[in-house]
Amino acid sequence: MFMLTFCNKGSFVSIRDTLSLNGSWQFALDTAKVGIKEKWYSRTLPDSVKLPGTLDENRKGIPNTNRLETMRLSRELMYAGMAWYQKTMVIPENWKGRGIRLIMERTKPTRVWVDAVLIGSSNDILTAQYYDLTNHLTPGKHVLTILVNNDNKSVPVGVTGSHAWTEHTQSNWNGIIGKFFLEAYNPIHIEAVQVYPDIVLKKITVKVKISNPEGNAENTKLILKADAWNTDVKHNVPPESFPVELKKGENTIELTYSLGSKTLFWSEFNPALYKLAVTLKEEKILDNTTLDFGMRKFSTQGTQFTINGTKTFLRGKHDACVFPLTGYPPMDVEAWQKVFRIAKSYNINFYRFHSWTPPLAAFEAADIEGMYLQPELPFWGAFSKNRNSDLNTFLLKEGDHILETYGNHASFVMFALGNELSGDFNVMKEFLNHFKSGDSRHLMAYGSNNYLGFRGQAEGEDYYAACRVGADKDTTYRTHIRGSFSFADANQGGYINGRYPSTSLNYSGAISKCTVPSIGTEIGQYQIYPNYEEIKKYTGIMKPWNFEVFRERLKENNLSDQAMDFFRASGALSAICYKADIEMAMRTPEFGGFHLLDLQDFPGQGTALVGLLDAFMDSKGVITPEEFGHFCNRVVPLVIMEKYCWTNNEQFRGKIQVANYSENSLKAQPVKWELKNARDEIIFQSEEVVNILQGGLTNIGSLHIDLLGFSKAEKLTLSIFLEGTHYENSYPLWVYPSNVDTKVPGNILVSKKLDRTTLSKLTDGAMVLLFPDFNEIRDLSVGGLFTPDYWNFRMFKSNSESNNKPVSPGTMSILTNPDLPLFSDFPTEFHTNWQWWPIVKNSRPFILDNTPKSYRPIVQVVDNIERNHKLGLIFEFAIGKGKLLVCMSDLKVIQDKPEGRQLYSAILKYMSSDKFNPSQTLSPAELVALFSSPLMRGK
């Protein structure tokens with residue numbers, strides 16, 4: 001049975017009776033796996049717990065002594081195996097002659113006994129478990145015993161790595177959560193109701209499954225009544241009665257119910273819901289139920305998605321079931337509404353549930369909030385027809401139950417077979433054909449990022465979700481539909497780290513290979529250094545022992561005082577990269593959308609702190625929802641330009657476009673743009689009034705701005721506003737003098753080697769600018785990386801090495817003080833921005849772990865949580881009578897870039913000034929040792 005009667009709202013009164021099973025239960029852990037053999041179901045269990053709940057919440061389990069775990073969050077008590085729960089209950093007299101079932105909304109594989117008689121077993125993990133106890137419960141006392149088994153062998157191999165089970169996200173808990181009760185119903189009763197909306201004819205088809213075990217129903221009728229309940233516009237549809245003839249046994253009745261001309265449609269824009277009351281009557285009511293549905297059609301038009309015929313763009317978020325306080329997902333609507341409202345404040349309209357399906361409350365909340373959902377089967381692996389028959393049976397069953405349980409919900413618009421699937425494609429086809437034949441209300445795909453995108457779109461799926469469309473045949477990224485990758489998966493980690501910065505790139509070439517909408521899958525994955533203040537928030541089940549280990553590593557290298565600066569710098573760069581990634585998707589014509597990995601942190605898989613929000617869905621303070629909405633929104637103004645850095649003898653050229661995926665076209669819309677200098681003065685502005693069509697990109701106008709008026713290096717801001725709306729966006733630009741002086745003054749020695757001659761001159765009082773030969777200091781440095789390290793250094797270092805691919809440099813941003821004299825001619829923030837791209841890409845930050853504890857370089861580079869090196873991009877020392885400045889970027893190879901020339905000039909000007917006065921002194925021997933000695937920590 002898939003009709004959940006416990007979610008009804010309003011004045012509806014069910015004629016079914018329920019007996020809550022919440023409260024104290026007798027309990028025992030079966031660590032030796034002897035309970036069945038020793039018939040524990042026939043004895044009183046010695047301990048007690050509270051249900052609903054988990055072993056963790058009841059402080060039961062085996063103490064976890066591994067405080068050094070860094071792959072994920074930890075639990076203080078661990079247990080994977082059989083746990084026994086037992087309760088004596090009293091069945092009321094008025095339940096005599098009625099059907100009785102046990103309902104457990106969410107648990108792990110179970111067996112159930114009543115009065116020592118085995119009732120059966122269930123391994124449903126993503127929908128409620130139901131046990132028919134009709135023939136075993138009579139009025140009076142009975143003992144109910146439930147065995148819950150969360151051992152990894154209790155489900156088929158292949159399920160335990162999914163986010164429905166793994167310790168890396170929600171934890172592999174044991175217990176029973178959500179609604180938990182016995183239900184009594186009449187022999188003739190409604191088993192299930194499915195609603196199929198038709199928005200064209202403004203009617204619904206209602207399929208009702210009715211059980212008539214004795215075959216004695218007469219003059220039976222079904223009454224349907226629908227009312228809109230969550231909108232200001234009221235719509236009360238008149239009831240309609242349908243006579244039905246019931247045969248003995250199972251009956252499926254199909255009815256058509258018209259909602260009429262006042263029908264309200266459900267969408268992200270206006271999530272109008274109807275409550276359908278279904279009543280089964282003879283002379284009196286035999287059974288009744290209610291359910292929510294929305295009048296919507298989520299479909300496709302070419303390579304775009306539509307909602308009720310209106311084109312929409314999916315601005316999605318990955319969900320991995322991360323709930324640190326409980327270790328399991330919320331089971332109430334209000335908690336899920338809070339989650340979705342936070343996401344909506346960042347203009348997210350789509351949730352992809354990675355290899356799991358959330359509980360009923362999530363669908364109910366998404367219905368109310370207008371959020372599109374894609375649940376998935378609990379699978380992350382390879383399909384096989386012959387080797388995995390038990391797994392295939394399990395997944396087909398789970399899929400059928402997911403569709404039957406949650407299929408009525410308007411928010412349930414898409415469905416996929418799992419994450420990064422591979423193996424026998426014919427099995428995938430059989431699965432998808434099976435699910436499609438049973439339910440046409442959802443778009444379906446073979447999976448998310450199957451074959452890592454190398455196979456491309458496959459015939460038969462309604463949409464395509466992956467990171468690329470077909471195999472990479474070169475290093476141009478022409479198949480990619482997201483901006484970042486690990487070094488193991490793409491040359492230089494993809495577009496944003498691998499291509500000179502521009503806002504002119506999009507994915508049109510890649511999606512031209514698709515005939516259905518494409519979704520850029522798991523975009524982003526930009527790490528942010530931990531905020532160790534977050535540790536105190538872990539007051540529940542999951543413990544941040546990984547954070548504590550990382551904090552101790554930082555302390556060991558004498559960098560604890562910089563932890564918050566590392567967090568702020570890497571966070572700022574992460575936000576910049578997320579903007580670039582999202583805008584590449586937004587400016588791709590006829591693209592389907594994206595989903596982020598992630599808006600929030602993923603505290604597993606080596607600890608992937610990739611979120612702009614932490615694991616609790618709280619803001620890290622990196623970017624506000626309003627700022628995020630400038631580039632992730634229903635309407636996004638965009639600037640198309642070939643580069644961010646210009647010279648003053650050039651004319652800035654660009655184009656303005658607006659992506660409009662709001663509900664309507666914007667007619668006679670004033671679009672204003674302005675260019676401001678660093679003093680917030682407007683130096684150029686203009687305006688156009690245009691019609692901005694719904695469902696795509698509209699060209700607004702071209703920009704041609706002379707830059708001759710800028711005589712020195714300056715950062716500018718180009719902003720676009722849709723007047724009368726909250727839609728706006730802005731871009732940084734840098735303008736540099738075209739004739740910048742890069743001639744080396746006679747009093748500065750530029751060298752690539754710290755040889756005897758250089759050292760002698762330095763000691764005697766020379767000023768030396770050292771560009772070390774990368775080949776000579778390779779083991780004393782790390783590589784240059786623009787973006788924050790992808791996902792997690794530990795995980796992808798291993799992947800790269802095992803696949804004979806380059807390892808990511810693993811860094812996360814520069815860190816500097818913009819007010820230092822060096823930057824008087826090279827404007828910068830304290831973190832990396834686009835003008836640093838060629839500089840850091842052509843660098844090898846030097847490991848300064850062997851320098852004095854308090855020493856900090858002029859331009860530091862934030863390292864990852866695995867290494868925690870003190871890294872220097874630009875640093876200086878006083879050596880004898882001389883002064884040394886070391887630049888770990890090979891600026892000579894980027895003299896074709898204005899930012900490269902400008903930094904070189906700024907360094908020379910700084911060294912020629914009286915401001916060049918290094919505070920840290922090293923002896924010649926110490927300097928030589930620094931550039932030749934192995935690291936103190938052996939790193």
Side-chain angles (χ1 to χ4, degrees), residues 52-61 63-64 66-80 106 150 162-175 177-178 317-332 334-343 346 351 353-356 358-359 361-362 365 527-551 567 571 596-622 791-792 795 865:
T54 63
L55 295 187
D56 303 80
E57 291 173 312
N58 283 282
R59 304 296 300 165
K60 306 296 181 183
N64 181 4
N66 181 15
R67 300 278 307 218
L68 300 179
E69 176 62 70
T70 60
M71 284 298 291
R72 51 178 168 77
L73 297 173
S74 297
R75 294 188 286 158
E76 291 181 309
L77 299 169
M78 303 284 288
Y79 185 73
R106 187 152 292 203
N150 68 325
S162 74
H163 292 335
W165 195 276
T166 176
E167 287 287 349
H168 286 267
T169 56
Q170 64 173 301
S171 81
N172 178 22
W173 50 269
N174 187 304
I177 59 176
K317 175 194 179 310
H318 157 287
D319 186 279
C321 197
V322 175
F323 299 97
L325 294 181
T326 58
Y328 61 79
M331 302 301 288
D332 61 290
E334 292 75 17
W336 278 103
Q337 279 188 274
K338 179 181 178 182
V339 168
F340 290 143
R341 285 174 180 174
I342 292 171
Y346 291 84
Y351 255 65
F353 294 95
H354 177 307
S355 65
W356 79 292
Q527 276 191 70
I528 298 177
Y529 198 84
N531 178 0
Y532 294 118
E533 290 298 309
E534 186 184 320
I535 290 174
K536 61 188 178 187
K537 296 171 68 171
Y538 287 85
T539 59
I541 299 305
M542 309 305 292
K543 302 302 178 185
W545 296 345
N546 48 350
F547 280 65
E548 293 172 2
V549 171
F550 302 143
R551 182 174 60 181
F567 163 71
L596 297 168
L597 184 54
D598 196 358
L599 187 62
Q600 76 181 117
D601 280 345
F602 185 103
Q605 290 186 11
T607 310
L609 306 180
V610 296
L612 300 169
L613 312 183
D614 63 22
F616 301 88
M617 289 288 281
D618 294 332
S619 173
K620 293 181 179 181
V622 167
W791 189 244
N792 172 265
M795 176 174 168
I865 52 180

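These numbers were taken from a predicted model, which means no experiment stands behind them.
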Inset, instruction - Would you check, one step at a time, whether the test side-chain contact (heavy atoms from CB on, under 4.5 Å) holds for Q600 with D319? - result: CA-CA 9 Å; Q600 76 181 117; D319 186 279; 4.3 Å; yes
Applying side chain to side chain contact (heavy atoms under 4.5 Å, CB included) to P52 and not counting sequence neighbours gives N22, F180
Taking every heavy atom of P530 against every heavy atom of F567, the minimum-distance pair comes out as O-CB, 3.8 Å
Between the side chain of W336 and the main-chain N/O of P330, is any donor-acceptor distance below 3.5 Å? yes
- Message: Does any part of the side chain of E534, heavy atoms only, come nearer than 4.5 Å to the side chain of D601, both counted from C-beta?
- Response: yes
E334 meets the side chain to side chain contact (heavy atoms under 4.5 Å, CB included) criterion, sequence neighbours left out, with D332
Residues at least two apart in sequence or cross-chain that pass ring-ring contact (aromatic ring centres under 6.0 Å, His included) with Y79, listed by chain then number, are none
Hits for side chain to side chain contact (heavy atoms under 4.5 Å, CB included) against R551, two or more places apart or cross-chain, chain-then-number order -> Y532, I535, E548
(Q) Between W356 and Y351 (judged by ring centroids, cut-off 6.0 Å), do the two rings come close enough to count as a pair? (A) no
I'd like to know if the side chain of N792 and the backbone of G606 have a donor-acceptor N/O pair within less than 3.5 Å. yes
Sequence neighbours excluded, the answer for side chain to side chain contact (heavy atoms under 4.5 Å, CB included) partners of N58 is V49, K50, K60
| query | Aromatic rings H318 and F602: how do their planes relate, parallel, tilted or perpendicular, breaks at 30° and 60°? | reply | tilted
H354 meets the side chain to side chain donor-acceptor pair (under 3.5 Å) criterion, sequence neighbours left out, with H163, N419
Start with the C-alpha distance between L613 and I342, add both sets of side-chain angles, then the distance that settles side-chain contact (heavy atoms from CB on, under 4.5 Å), and finish with yes or no.
CA-CA 10 Å; L613 312 183; I342 292 171; 3.8 Å; yes
- Task: Output yes when a side-chain donor or acceptor of N150 lies under 3.5 Å from a complementary backbone atom of N172, and no otherwise.
- Result: yes
Separation between CZ (F550) and OG1 (T607), nearest 0.5 Å, reads 4.0 Å
